[in-house]
Amino acid sequence: MKKWYQAGYILAAGLFCMVLFTGCVPLPGEEVSQWIQEAVNRQDADDTAEEGLEDEFQNGRSDSNREEWVRKEQFGSLEEFAETEQILSISEGNYAYECLPEEGKKVYDQMLAAILNYQEKVNLATTDKDLMREAYQALNCDYGGLFWVDGYIFTSYTKGDELIGLAFSPNYVMDEETKNQLQKQVDEVVEEWLGGISVQDSDYAKAKYVFETLIENVDYVEGAEDNQNILSVFLNRQTVCQGYACATQYLLRYLGVQSIVISGRANNQAHAWNIVNLDENFYHMDTTWGNSRYLDTDQQEAKFVNYIFLCMTDEEIAKTHLVEMPFVMPECTAIEDNYYVREGRYFEVWDPDAIGSVFRTAWENGADSIDVKCGDFELYEQLKEYFIREQGIADYCSGIEYVYYMESPEYGVFIVNFNKI
């Protein structure tokens, strides 16, 4: 007599144990690292400015030149200050960079140049603190690999109550020699991990490859060392959401795919993930939540790649995620490069033969499992009723004796496991 088992072993109904991955600490930055602070020498700057102003007024300088003079006194010569505003950008085309106003782009360029060149301090082309913060966040959205920096200190130069200048000082967590040694180690791992993909492959293939590679090689471990940067991923292979998001952006950049690191909340906890640009369309990609776990029949946690979170729309990601960014995010409405669409496992109408053929192919090829996605909840219920409750899957998978399944109805995804899980 045929033995038949129906089981949905899952932690946290419908979320594929995603609660395990939402305890991420906030993104590194001014509030987290606490490296943002007013200069302690504000009064010294005021005193210097007062003395200089007195000399200028004695020489008959008009009041209209006061701001220009103060910049000269605090920033060096006017020519030197102009040079800081003319740093060549290497970031044109980066999404977050292009979201900034022209003044913000100059500040971003200055900050990036300072970090890459291990400068102690750079005088910024703005006196707008909010713009400074926005530029720094944009920089970290576009560049996930700056592991030698954790936040920054800024110095405010004031004249009385008037802010007349800002200086940016990166907070380096290691010296340049150590950074270069670690970068070499990272490069070796990156070269190894990207050995199975080419820049000539499709954007979708690159995104899928990076998604799978990171999940298969790196475990989610709260409290992992260096978990806010890519060292935790490439050298320690243990990280949290920030490390996954930075590493995803870093690898995709190597492959010529534009992506950004997104900060926000997931299940009401601080979280980081990515938005990727594939074939001129934008998609959400959450590598952290793609690294999912379920309870097997022995009540042990088992790891699997959860493709639900590979190339999602705004509507889909909004079921659990909330974007919290200072600039407008691109709309993610396309589905052409969604995992289930690209793999031919997305169904919008009830077609049991088409769905059954997907199960049959996986079964005959010896796959451990197969997942499909339904366009709406009604179709999802039809699938479950026919293939599982009515055991219709046996008509397509000859000789099958038992089946286990996992489900995520809110995303319309149904996973069939052919082997005991």
Side-chain angles (χ1 to χ4, degrees), residues 14-16 18 197-198 200-215 248 252 255-260 262 273-292 304-321 329-363 365 367-384 386-387 393 396 405-417:
L15 293 184
F16 287 84
M18 292 184 291
I197 193 72
S198 165
Q200 304 303 320
D201 288 321
S202 69
D203 286 354
Y204 168 75
K206 295 171 185 175
K208 181 185 176 187
Y209 184 89
V210 168
F211 189 76
E212 292 174 335
T213 298
L214 289 173
I215 292 168
T248 297
L252 288 175
L255 295 172
V257 174
Q258 182 191 62
S259 65
I260 51 178
I262 300 299
W273 66 100
N274 302 90
I275 286 181
V276 299
N277 185 349
L278 308 181
D279 302 313
E280 305 303 321
N281 289 313
F282 290 94
Y283 302 85
H284 292 272
M285 178 172 166
D286 191 339
T287 310
T288 307
W289 279 29
N291 185 356
S292 292
F304 76 103
V305 180
N306 188 345
Y307 291 101
I308 290 175
F309 299 99
L310 176 57
C311 302
M312 306 176 76
T313 65
D314 288 331
E315 181 180 0
E316 290 172 325
I317 200 76
K319 295 178 187 295
T320 48
H321 294 48
M329 292 292 95
E331 289 188 356
C332 301
T333 56
I335 65 170
E336 288 84 351
D337 281 330
N338 172 268
Y339 169 78
Y340 294 97
V341 174
R342 286 297 297 258
E343 301 296 327
R345 301 207 295 270
Y346 177 67
F347 300 95
E348 294 185 291
V349 296
W350 176 238
D351 187 342
D353 284 339
I355 299 171
S357 68
V358 171
F359 293 147
R360 178 192 293 118
T361 299
W363 171 254
N365 289 337
D368 292 330
S369 65
I370 187 68
D371 49 347
V372 296
K373 180 179 175 67
C374 300
D376 56 51
F377 183 71
E378 181 180 355
L379 182 58
Y380 178 91
E381 283 295 297
Q382 281 183 290
L383 182 153
K384 184 177 177 180
Y386 174 73
F387 286 102
I393 195 170
Y396 299 90
Y405 64 86
M406 294 185 292
E407 55 181 325
S408 184
E410 66 272 43
Y411 293 110
V413 172
F414 195 87
I415 303 177
V416 171
N417 289 274

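Keep in mind it's a predicted model, so treat the numbers as computed, not measured. When a residue number appears, it is its place in the shown sequence, counting from 1.
Remark: the Y204 side chain and the E336 side chain contain no N/O donor-acceptor pair separated by less than 3.5 Å. In this structure, a donor-acceptor pair under 3.5 Å is present between the side chains of Y396 and D353.
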S408 vs I308, side-chain contact (heavy atoms from CB on, under 4.5 Å): CA-CA, chis, key distance, verdict: CA-CA 9 Å; S408 184; I308 290 175; 3.8 Å; yes
side-chain contact (heavy atoms from CB on, under 4.5 Å) between F359 and I370, worked out: CA-CA 7 Å; F359 293 147; I370 187 68; 3.4 Å; yes
Test side-chain contact (heavy atoms from CB on, under 4.5 Å) applied to D337 and N281, step by step: CA-CA 8 Å; D337 281 330; N281 289 313; 5.9 Å; no
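The salt bridge (charged side-chain N to carboxylate O under 4.0 Å, His left out) test with K373 is passed by exactly one of E348, E343, E316: E316.
Between F414 and F347, the ring center distance fails the sub-6.0 Å criterion.
Using cut-offs of 30° and 60° on the angle between ring planes, the pair Y339 and Y307 is parallel.
Residues V257 and N277 form no side-chain contact, since every pair of their non-hydrogen atoms from C-beta on lies 4.5 Å or further apart. Looking at heavy atoms from C-beta onward, M406 lies out of side-chain contact with D371 at the 4.5 angstrom threshold. Taking the side chain as every heavy atom from C-beta outward, Y386 and W350 approach each other to under 4.5 Å. Looking at heavy atoms from C-beta onward, E407 lies out of side-chain contact with V413 at the 4.5 angstrom threshold. Side-chain contact between C332 and I317 is absent, with no heavy atoms from C-beta onward closer than 4.5 Å.
With N365 contributing its side chain and A367 its backbone, the two residues share no donor-acceptor pair below 3.5 Å. A donor-acceptor pair under 3.5 Å links the side-chain atoms of S357 to the main chain of A354, judged by distance alone. Side-chain atoms of N417 never come within 3.5 Å of backbone atoms of Y405 as a donor-acceptor pair (strictly under, hydrogens ignored). At distances below 3.5 Å, at least one donor-acceptor pair connects side-chain atoms of D201 with backbone N or O atoms of S198. Under the 3.5 Å distance criterion, the side-chain polar atoms of D203 are matched with a main-chain donor or acceptor of D279. At least one donor-acceptor pair closer than 3.5 Å links the side chain of N338 to the backbone N or O of Y340.
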